[in-house]
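In this text the structure is predicted, and so the values were computed from the model without any measurement.
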Amino acid sequence: MNTKLTRLEKYWILYDVGNSAFVLLVATILPIYFNYLASSAGISEVDYLAYWGYAASVATVAVALIGPVLGSIADTQNYKKPLFTVCMMIGVIGCAALSIPTSWIVFLAVFVIAKIGFNASLIFYDSMLTDITTDDRLDTVSSAGYAWGYIGSCVPFVVSLVFVLLYDTIGITFQTAMTIAFFLNAAWWLLVTLPLLKNYKQTHFVAAESGAAGGSSVSSLVKTSFSRLGHTFVEIYHQKNIFYYLLAFFFFIDGVYTIIDMATAYGSALGLDTTGLLLALLVTQIVAFPFALLFGRLSKQFRTDQLIRFCIGAYTLIALFAIQLDKQWEFWLLAVCVGMFQGAIQALSRSYFAKIIPAEKSGEYFGIYDICGKGASFMGTFLVGVVAQITGVANAGVSILAVMFVIGFVLFSKAAKLNR
């Protein structure tokens with residue numbers, strides 16, 4: 001098999017490079033700025049962590065509710081690219097607009113809107129995978145997307161970090177430094193997406209019915225999409241291999257996304273040094289690059305389900321270690337370990353799902369996938385926030401993640417047997 005990436009595969013990978021800048025911003029600098037706004041308003045550290053978790057949960061639940069319908073509509077011929085563009089632009093504009101609010105409540109509201117746009121764009125982006133490559137290259141291309149996304153996102157992040165950490169030396173205010181960071185990441189996200197927007201063509205689709213053809217009746221299109229979506233839910237229930245996989249994915253990816261969403265907020269709530277947290281998470285991105293590519297290569301020697309099980313097991317150990325975390329060096333070790341498996345489990349989960357679903361329905365299937373994925377992280381972030389507030393101990397909420405990984409491992413093992 002030719003391992004060289006095609007031009008279209010490279011353009012598709014570039015969107016991972018663009019949106020990953022926003023992911024890294026949300027995982028690192030954003031919680032610290034929110035902590036600054038919340039502290040100025042007299043919000044306690046425990047409440048700050050909880051409110052950040054609740055905001056992330058609201059965004060993921062919103063996309064979980066609308067995602068499958070949008071995905072089903074996107075499966076109609078010539079609809080995937082426009083929907084992708086709209087959601088991407090909501091994310092980009094929302095990212096830039098984060099520089100405006102000075103109130104922590106308004107800031108959270110803008111963050112929720114930006115994160116909804118980002119999450120929704122990924123439904124269409126992930127479903128494009130079946131259009132831009134062949135079945136035998138799914139693992140390789142998906143892994144390359146995450147790998148280059150991790151390393152590429154470091155470019156705007158490092159520049160942003162210079163302004164955020166050295167704003168006093170440069171002679172600007174902290175708010176000005178944050179404004180530069182928000183606009184820089186938004187511009188990066190938009191610019192590297194343009195090649196995909198120019199060259200992508202939807203090759204797998206469901207033909208539009210007469211009432212919805214050419215977009216002549218939006219209501220007819222939505223009605224048809226709801227009908228198709230209902231049939232798909234029934235199909236999934238009867239296709240036990242997909243059904244059990246989605247259940248498993250719900251649990252194990254819940255823990256993965258919760259760790260991504262709340263790592264910096266968690267470390268900040270524990271009182272760890274801000275600069276150390278940011279640098280540690282930069283290390284996560286750097287480590288994730290070669291390991292995502294490594295797991296893409298390993299998929300040619302080992303079954304994808306074996307590699308996914310290995311990653312879930314590793315994440316279980318990571319969650320258990322995080323429960324007792326209270327030192328800076330432990331956070332650094334955690335960051336390295338997460339980097340080793342974060343890209344691999346996301347990339348392989350995406351390509352594994354793409355292999356077992358009908359390509360022409362990839363939009364609605366990935367919309368449902370998103371319910372069980374980023375939608376599931378609602379449960380993780382929400383539970384971490386609730387347990388932290390009930391116990392008054394930030395570490396206590398992390399224990400629930402280990403349970404999620406164990407359940408996910410058991411269910412995935414069952415799904416893997418059915419898929420063989």
Side-chain angles (χ1 to χ4, degrees), residues 6 8-16 18-20 60 63-91 116-135 137-146 149 193 195-197 199-208 221-222 224-226 228-229 231-233 235-236 239 242 245-246 249-250 253 257 304 346-376:
T6 66
L8 187 56
E9 288 171 348
K10 290 177 182 177
Y11 293 156
W12 181 84
I13 287 169
L14 273 176
Y15 187 69
D16 248 323
N19 73 66
S20 292
T60 51
V63 176
L65 293 175
I66 64 174
V69 178
L70 291 177
S72 182
I73 294 173
D75 283 333
T76 306
Q77 188 174 8
N78 297 325
Y79 273 84
K80 189 170 290 184
K81 186 193 285 189
L83 286 170
F84 167 73
T85 304
V86 169
C87 292
M88 179 271 296
M89 287 305 302
I90 290 173
I116 287 174
F118 160 75
N119 284 344
S121 75
L122 292 185
I123 296 173
F124 312 116
Y125 172 67
D126 288 344
S127 68
M128 289 177 183
L129 186 56
T130 55
D131 290 329
I132 60 96
T133 192
T134 55
D135 286 350
R137 295 173 58 82
L138 288 172
D139 288 331
T140 300
V141 176
S142 183
S143 297
Y146 275 105
T193 305
L196 179 62
L197 292 180
N199 293 277
Y200 170 75
K201 288 183 176 57
Q202 188 174 354
T203 59
H204 295 96
F205 52 82
V206 176
L221 177 61
V222 172
T224 301
S225 298
F226 266 109
R228 285 208 312 261
L229 187 59
H231 289 308
T232 298
F233 274 113
E235 287 175 7
I236 288 175
Q239 296 177 78
I242 299 178
Y245 174 75
L246 288 173
F249 185 70
F250 177 93
I253 212 67
Y257 285 133
T304 307
Q346 290 177 278
L348 295 176
S349 296
R350 176 170 63 185
S351 56
Y352 187 85
F353 187 65
K355 292 175 184 177
I356 63 175
I357 62 171
E360 72 279 2
K361 292 184 177 181
S362 61
E364 59 187 271
Y365 270 84
F366 269 103
I368 297 169
Y369 177 86
D370 196 73
I371 291 180
C372 303
K374 290 182 178 61

Check your understanding: Are Val141 and Ile132 close enough, and set up right, to give a side-chain contact (heavy atoms from CB on, under 4.5 Å), and what steps lead you there?
Key -> CA-CA 9 Å; Val141 176; Ile132 60 96; 3.9 Å; yes
Exercise for review: Take Tyr365 and Leu246 through the test side-chain contact (heavy atoms from CB on, under 4.5 Å) and record every step on the way to the result.
Suggested key: CA-CA 10 Å; Tyr365 270 84; Leu246 288 173; over 6 Å; no
Review point. Who passes side-chain hydrogen bond (donor to acceptor under 3.5 Å, both in side chains) against Tyr200, sequence neighbours left out?
Key: Asp131
Practice item. Tell me, please, which residues at least two apart from Ser362 pass side-chain contact (heavy atoms from CB on, under 4.5 Å). Key: Asp75, Lys80, Ser127, Thr130, Ile357, Phe366
Exercise for review: Could you tell me which non-hydrogen atom of Arg350 sits nearest to which non-hydrogen atom of Gly145, and how far apart they are?
Suggested key: NH2-CA, 4.5 Å
Review point. How many angstroms lie between atom CG of Asp370 and atom CD1 of Ile66, to the nearest 0.5 angstrom?
Key: 9.5 Å
Revision key, fill the gap. Residue set satisfying salt bridge (charged side-chain N to carboxylate O under 4.0 Å, His left out) with Lys201, at least two apart, ordered chain then number -> none
Review point. Can you list the residues that meet the salt bridge (charged side-chain N to carboxylate O under 4.0 Å, His left out) rule with Glu235, with sequence neighbours excluded?
Key: Lys361
**Study point:** Ile116: partners by side-chain contact (heavy atoms from CB on, under 4.5 Å), with sequence neighbours left out
**Key:** Ala59, Ala62, Val63, Val112
Revision key, fill the gap. Separation between CD1 (Ile356) and CD1 (Ile242), nearest 0.5 Å, reads 5.0 Å
Study note, to complete from the structure: Interatomic distance, OG1@Thr6 vs OH@Tyr11, rounded to 0.5 Å, equals 10.0 Å
Check your understanding: Nearest heavy-atom pair of Gly149 and Ser20: which atoms, and what distance?
Key -> O-CB, 3.3 Å
Check your understanding: Between Gln202 (side chain) and Ala74 (backbone), is there a donor-acceptor pair under 3.5 Å?
Key -> yes
Practice item. Working to the nearest 0.5 Å, report the span between CG of Leu138 and NZ of Lys355. Key: 6.5 Å
Check your understanding: Does Thr134 have any side-chain hydrogen bond (donor to acceptor under 3.5 Å, both in side chains) partners at least two apart in sequence or in another chain, and if so, which?
Key -> Asp136
Point to revise | Value rounded to 0.5 Å, distance of CZ in Arg137 from CG in Leu129 | key: 11.0 Å
Exercise for review: Go through the steps to decide whether Met128 and Tyr15 satisfy the test side-chain contact (heavy atoms from CB on, under 4.5 Å), and finish with yes or no.
Suggested key: CA-CA 11 Å; Met128 289 177 183; Tyr15 187 69; over 6 Å; no
Practice item. With sequence neighbours left out, write down each residue that passes side-chain hydrogen bond (donor to acceptor under 3.5 Å, both in side chains) with Tyr245, or none if nothing qualifies. Key: none
Check your understanding: Between the side chain of Trp12 and the main-chain N/O of Tyr125, is any donor-acceptor distance below 3.5 Å?
Key -> yes
**Study point:** Partners passing side-chain contact (heavy atoms from CB on, under 4.5 Å) against Pro82 (at least two apart in sequence or in another chain)
**Key:** none
Exercise for review: Mind checking side-chain hydrogen bond (donor to acceptor under 3.5 Å, both in side chains) for Ser351 and listing every partner two or more places apart, or none if nothing turns up?
Suggested key: Asp139
Review point. Would you say Asp135 has more than 12 foreign heavy atoms packed within less than 6.0 Å of its CG?
Key: no
Practice item. Under the side-chain contact (heavy atoms from CB on, under 4.5 Å) rule, collect the residues that match up with Asn78, sequence neighbours excluded. Key: none
Point to revise | From CA spacing to verdict: side-chain contact (heavy atoms from CB on, under 4.5 Å), Thr85, Leu197 | key: CA-CA 8 Å; Thr85 304; Leu197 292 180; 3.3 Å; yes
**Study point:** Approximate separation, where rounding is to 0.5 Å, of Lys10 NZ and Asn199 CG
**Key:** 12.5 Å
Revision key, fill the gap. Exactly one candidate in Phe250, Phe249, Tyr352 meets ring-ring contact (aromatic ring centres under 6.0 Å, His included) with Tyr369; the answer is Phe249
